Enquirer: 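Below are the structure tokens for one structure; questions will follow.
We name chains A, B, ... by the order of the sequence lines, and we start the count at 1 in each one. Owing to the predicted nature of the structure, the values given are computational and were not obtained by experimental measurement.
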Amino acid sequence: MPLLDKETTEQVKRELADLAGPVRLVMFSQTFECDYCAETRQLVEEVAELSDQLTAEIYNFVTDKEKAEELGVDKIPAIAVIGAEDYGVRFYGIPSGYEFTSLLYAIRTVAAGKTELSEETLKTLAGVTEPVHMQVFVTPTCPYCPMAVVLAHQMAIASPMVRADMVEAMEFPHLAIKYQVMGVPRTVINETVHLEGAAPEPMVLEKLQEALAGEQI
Amino acid sequence: MPMKFQFTITPTVGGETAEGAAEEEVPVYDLVIIGGGAAGLTAAIYAGRARLKTLVLAGPLPGGQPANTDIVENFPGFPEGISGSELTQRFRSQAERFGAQVVLDAVTEVDFSARPFTIRTYGATYRAQAVIIATGAVPRRLGVPGEAEFFGRGVSACATCDGFFYQDKKVVVVGGGDSAIAEGLFLTRFAREVIVVHRRDRLRAAPLHQERAFANPKMHFVWDSVVEEILGEQTVTGVRVRNVKTGETSVIEADGVFVYVGMEPKTEIFAGQVELDEAGYIVTDKHQRTSTPGVFAAGDVQDPDYRQVVIAAGSGAVAAIEAERFLAEETRPTQTQPPV
């Protein structure tokens, strides 16, 4: 049985109608000890069917270990959304509920290879020379969360130094505990700085700079 | 864990602007609707069917308040209830079906002093011959020490977002209205105990909610009490409450605090543009007209009394019908014109 109903399928087709370029959905799965691997794989395959520009690539997290390491994938289910280059856009856990919007947005933005970030933000990101890792914790029932995910993913697309993950907190409870996630969205930047809620672009940028400044000390 | 997966597509996130809006020659819309909740999207359905060139600026929370409501049980036509996210997605599909354009841009400034009206967002400037304000209301904060400090670390206003993190934990829900009780009941799916702290000696929530709350063994009540402080270290450890009748204070241990103490209209950007009442609500007449001709308002932004999805939708319909009439009156040739 398909995961996407007919109406949603039509809507996705429209959303992905004029992708600016080819996009690969590189998915890592495994048969055991993974709550939603099967469903995530199915979702990736169903979405990939809806545009000529999309391809699904399925890897096994264990037997394709080298591929996982190459893409920095350290947990499953994982989806790397890759366009003309790998911008570091990742989804850990199934992008269901409101996060489905984040997936579609990531596909469109990665296809275009350019973002809707402000000039100011782009200028600041251009000056980033140290690696930045943004992890946005979400739940599928959180209507505010896609805003935080989309912003982080855009920053990853805009800067070669930034990579950004959506992390579905319910599927990775140990990470939720590790990063003291008690509310979503919660964005963790380079393990050191965190941000609550769907914050506006300048505030997220400020936190990103704070994380970088902290490391220089 | 959800048994059934849902896949929700909300209007484009990330400050996208309507097509052509960034260009210098801005197209003038017949109608711009500010807000994408029940009122705004219903207005868009009516406006689309009236063939008005309509843009909905859905703002930061697509779907409005129902979007973070677990289940809506009192909207007619859904006898089994419907999830808030699905309901708002249906509103949106219906609006788009009739030609309304829905984008997620959030409005930062308006100028209603001259027509066409000007509506500025982060990304663009729009112009419209008529405007419907349907920005809704946002949860009121308690305004007590610890609330801002522990936001996201034990303090929340979104049970559907954060309920999962309170499995087998003890939470306090502050408030006694429908939202407080409905969301408190939702939290009993996760939490081992839900303590409702209410400032009166009885609930304001609908009797059906009350029956369910009193029948739920996980729900407990602390009456006549207000929260004075949210306590914690790294995360929330409890609340300090004061009994309003006896003046006594006590501490309730808790891992989380969900605040549902009513709503505040989102009207800051409209001050000086349309008349607001003392509480900040937009003043409207029964035709949903504001003090500025051509500007209408619908939904919770002008409704301190009922705050229901169905009423918001109804007032949105009225606003759209009135906006259409307003625009038609203007273009109609005047009766006094001599026959040619």
Side-chain angles (χ1 to χ4, degrees), chain A residues 3-5 7-9 11-12 14-15 35-36 39 43 46-47 94-105 108-109 115-118 138-151 153-154 169-171 173 176-177 180-186 194-198 200-201, chain B residues 1-2 4-17 22 60-70 83-86 88-90 92-93 96 104-106 122-123 148 150-167 169 186 234-236 255-256 258:
Chain A
L3 282 173
L4 301 176
D5 60 30
E7 198 182 323
T8 311
T9 300
Q11 220 176 330
V12 173
R14 284 200 300 276
E15 296 276 334
D35 279 343
Y36 297 143
E39 289 85 353
L43 179 68
E46 284 183 30
V47 170
I94 187 166
S96 73
Y98 286 107
E99 286 313 313
F100 190 52
T101 299
S102 302
L103 177 67
L104 298 181
Y105 191 88
R108 280 206 309 269
T109 320
T115 68
E116 289 164 345
L117 297 171
S118 72
V138 303
T139 58
T141 47
C142 164
Y144 311 91
C145 288
M147 278 176 271
V149 173
V150 159
L151 194 50
H153 280 157
Q154 289 200 83
M170 290 155 71
E171 287 169 74
I177 291 166
Q180 295 189 338
V181 182
M182 298 183 77
V184 287
R186 178 174 170 101
H194 58 83
L195 179 65
E196 269 67 54
E201 192 177 310
Chain B
M1 295 272 168
K4 174 179 168 267
F5 288 100
Q6 275 191 3
F7 298 93
T8 310
I9 306 170
T10 52
T12 311
V13 209
E16 197 209 38
T17 51
L61 179 59
Q65 293 169 60
N68 63 18
T69 306
D70 172 42
S83 84
S85 66
E86 192 182 346
T88 54
Q89 203 179 346
R90 282 166 175 260
R92 182 207 168 189
S93 304
E96 288 181 330
L104 196 119
D105 222 353
Y122 287 106
F150 291 110
F151 187 80
R153 292 189 293 142
V155 176
S156 173
C158 181
T160 57
C161 301
D162 302 336
F164 167 77
F165 302 107
Y166 295 91
Q167 301 209 39
K169 300 210 161 139
F186 174 76
Q234 287 297 309
T235 58
V236 166
D255 304 295
F258 287 79

Enquirer: Let me know if A:Leu117 has heavy atoms under 4.5 Å from chain B in its side chain, its backbone, both or neither.
Expert: neither

Enquirer: For A:Val12, which atoms come within 4.5 Å of any heavy atom of chain B: side chain, backbone, both, or neither?
Expert: both

Enquirer: Which atoms of A:Ile177 come close to chain B, meaning under 4.5 Å heavy atom to heavy atom: side chain ones, backbone ones, both, or neither?
Expert: neither

Enquirer: Report which part of A:Glu39 has an atom under 4.5 Å of a heavy atom belonging to chain B: side chain, backbone, both, or neither.
Expert: side chain

Enquirer: Please look at A:Val181 and chain B and tell me whether the side chain, the backbone, both or neither of the residue comes under 4.5 angstrom of a heavy atom of that chain.
Expert: both

Enquirer: Using modelled atom types and a 3.5 Å cut-off, is there a donor and acceptor pairing between side-chain atoms of A:Thr139 and backbone atoms of B:Cys161?
Expert: yes

Enquirer: Could you check if a side-chain atom of A:Phe100 sits within less than 4.5 angstrom of a side-chain atom of B:Thr8, using non-hydrogen atoms only?
Expert: no

Enquirer: Is there a donor-acceptor pair under 3.5 Å between the side chain of A:Glu46 and the backbone N or O of A:Leu4?
Expert: yes

Enquirer: Can we call the ring centroids of A:Tyr98 and A:Tyr144 under 6.0 Å apart?
Expert: no

Enquirer: Side chains of A:Ser118 and A:Glu201: is there a donor and an acceptor less than 3.5 Å apart?
Expert: yes

Enquirer: If only atom types and distance count, is the side chain of A:Thr141 paired as donor or acceptor with the main-chain N or O of B:Thr160 below 3.5 Å?
Expert: yes

Enquirer: Could you look at A:Glu7 and say if it's the side chain, the backbone, both or neither that has a heavy atom under 4.5 Å from chain B?
Expert: side chain

Enquirer: Is chain B contacted by the side chain of A:Ala198, its backbone, both, or neither, given a heavy-atom distance below 4.5 Å?
Expert: neither

Enquirer: Please classify the contact of B:Ser83 with chain A as side chain, backbone, both or neither, using a heavy-atom distance under 4.5 Å.
Expert: neither

Enquirer: Kindly give the heavy-atom pair with the smallest separation between B:Tyr166 and B:Gly154, and that separation in Å.
Expert: OH-CA, 3.2 Å

Enquirer: Side chain, backbone, both or neither: which part of A:Leu151 has a non-hydrogen atom closer than 4.5 Å to chain B?
Expert: neither

Enquirer: Where on A:Pro185 is there a heavy atom nearer than 4.5 Å to chain B: the side chain, the backbone, both, or neither?
Expert: neither

Enquirer: Between B:Gln89 and chain A, which part of the residue has a heavy atom less than 4.5 Å away: side chain, backbone, both or neither?
Expert: side chain

Enquirer: Distance alone, cut at 3.5 Å: any donor-acceptor contact between the side chains of A:Ser102 and A:Glu99?
Expert: yes

